[in-house]
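Notes for the one structure printed next.
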Amino acid sequence: MDDTIFALASGAGRAGVAVVRASGPLAGASLAALAGGLPEPRRAALRALRDESGALIDQALVLWFPAPASFTGEDVAEFHIHGGPAVIAALSDALTTLGLRAAGPGEFTRRAFEHGRLDLTEAEGLADLIDAETEAQRAQALAQMGGALSGLYAGWRDQLIDILASIEGEIDFPDEEDVPENLAARAGPPLDGLIAALNAHLSDGRRGEQVREGFTIAIIGAPNAGKSSLLNHLARREAAIVSDIPGTTRDVVEVRDIRAGFVVLFADTAGLREAADSIEAEGVKRALARAEGADLRCLVLDVSRETLSAEATRLLRRGDVVLANKADLSDRSISGPEGVKSFAVSVKSGAGLEAFEAWLDREIMRRLGAREAAPLSRARHRQLVERALESLVEARSRLSTSPELAGAEVNRAIRALGELTGAVSVEDVLDRVFSQFCIGK
């Protein structure tokens, strides 16, 4: 990181003001060259920016953040210029001439990580904050960026280091009088406590991931049951083709929406039936896969011609919902299995849909609205916590018989928790995390 990078830190396109940020050893010299000297640190100054030939680029506000008191921990300069594309291009050309290079995605944040300004979970929280669409996403990202997860994981790691010290003390000094007897056995209760804590952390119903990525609802049912019409009603637009011809929907049609303050992904799927051709068969296969992986399944039945079959019931889980559609054409009542809600509705007339949507909003809020603890927000976090838990369970089982093997398993758990925060550097993981950032951050 001995080079100096720059990038547009504000949004792309025409704007009143654009912010160009530079970070690295040449940041101060480039600011002085363009602005005729360095302003007082952390105080905005109005300066005329001139290129190498002396031509005026723009009148701009400039800021100077000498290391280490900056976002990246390096020398940082900011240029607040007028947001026209030509002005941005002229400043970029001038910075390139001075020896700076354009930054890649997430490169500023990666430098902040490398200089210890934030750890990996905090960096991921920052990325989530930039992408946040809802209040729930904003609150979760802010908590993570503020160290809610890193503090939890660092605390667990510190406890494991103490446990490992106890185990290795018995291994290395079994005959020393000042080493308490049965150190390995004494490591059992704290190991039990950590195993319970990791289990509780994992048993959150994927709440953090659902808040971040979206709560998925698969709309399933037989052809012509009203699935696409329901999707269009929920989306408040013609998102899916509605037709009387069975098999019209052959692939998953997905709509992204905000409900109860959370991102929700509605997926209209192919009608479940014996497929007429290979294309429809693939659609049915995808529908079943989407139903299996969804957070909630909404089964739509045409009660004027069908009942709740055993095959359809097998797709449902506790917390799902059945919509008895076309209730205006039939007085047949439908009740789902235990734990599955049911509503009589008419998608065509709108009857019953208000009650269904009110229930749906309450259900989403019930599942995602809790804020009592910092939740897992990414699959990467879940995988590493699961790996740590597996090692701790194995360590506990070997504690009284093979302390050497127990110690090795505790060491693996420590490494997994270190990977979570970046305390243990894994280059391909870092590349993957920071590549998800926008350029300029």
Item to complete: Run the numbers on L95 and R101 for side chain to side chain contact (heavy atoms under 4.5 Å, CB included), then give the verdict.
Response: CA-CA 8 Å; L95 290 170; R101 67 167 177 85; over 6 Å; no
Return the set of residues passing side-chain contact (heavy atoms from CB on, under 4.5 Å) with [X] (not counting sequence neighbours), or none when no residue passes.
X: A44; value: L61, L63
X: L129; value: R138, A141, L142, M145
X: T134; value: A136, Q137, I258, V263

Carboxylate-amine/guanidinium proximity below 4.0 Å for [X] and [Y]:
X: R366; Y: E363; value: yes
X: E107; Y: R110; value: no
X: R157; Y: D119; value: no
X: K227; Y: D268; value: no
X: R380; Y: E419; value: no
X: D257; Y: R236; value: yes
X: R378; Y: D128; value: yes
X: E409; Y: R398; value: no

Side-chain donor/acceptor of [X] to backbone N/O of [Y], under 3.5 Å:
X: S70; Y: A67; answer: no
X: H115; Y: T72; answer: yes
X: R256; Y: E254; answer: no

Discussion item. If only side-chain N and O atoms count, and only distance matters, is there a donor-acceptor pair under 3.5 Å linking Q210 with D295?
Written reply: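 Note: D295 and Q210 side chains meet the donor-acceptor criterion.
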Fill in: Short side-chain donor-acceptor distance under 3.5 Å, S150 and T421
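No pair is found: no donor N or O on one side chain lies under 3.5 Å from an acceptor on the other.
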Worksheet entry | Of all pairs that satisfy ring-ring contact (aromatic ring centres under 6.0 Å, His included), the ones with a partner from residues 376-410, not counting sequence neighbours |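 Residue pairs passing ring-ring contact (aromatic ring centres under 6.0 Å, His included), neighbours aside: none found.
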Fill in: Pairs meeting criterion ring-ring contact (aromatic ring centres under 6.0 Å, His included) with involvement of residues 127-165, two or more places apart
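Matches after skipping sequence neighbours: Y153-W156, Y153-H201, W156-H201.
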Item to complete: List in chain and number order the residues that pass salt bridge (charged side-chain N to carboxylate O under 4.0 Å, His left out) with E338, two or more places apart in sequence or in another chain; answer none if no residue qualifies.
Response: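 E338 satisfies salt bridge (charged side-chain N to carboxylate O under 4.0 Å, His left out) with R318 once adjacent residues are dropped.
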Discussion item. Using side chain to side chain contact (heavy atoms under 4.5 Å, CB included), reason through L265 and I217 one step at a time and then give a plain yes or no.
Written reply: CA-CA 6 Å; L265 305 173; I217 300 175; over 6 Å; no
Is any side-chain heavy atom of [Y] closer than 4.5 Å to one of [X]?
X: R317; Y: V340; value: no
X: L384; Y: L417; value: no
X: F108; Y: R21; value: yes
X: F79; Y: L31; value: yes
X: I81; Y: V17; value: no
X: D192; Y: R396; value: yes
X: F356; Y: C298; value: yes

Discussion item. If I take atom OG from residue S342 and atom CG from residue L299, how far apart are they, to the nearest 0.5 angstrom?
Written reply: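 Result: 11.0 Å between the selected atoms.
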Item to complete: Show your reasoning for whether side-chain hydrogen bond (donor to acceptor under 3.5 Å, both in side chains) applies to E124 and S377.
Response: CA-CA 9 Å; E124 289 169 324; S377 62; 5.9 Å; no
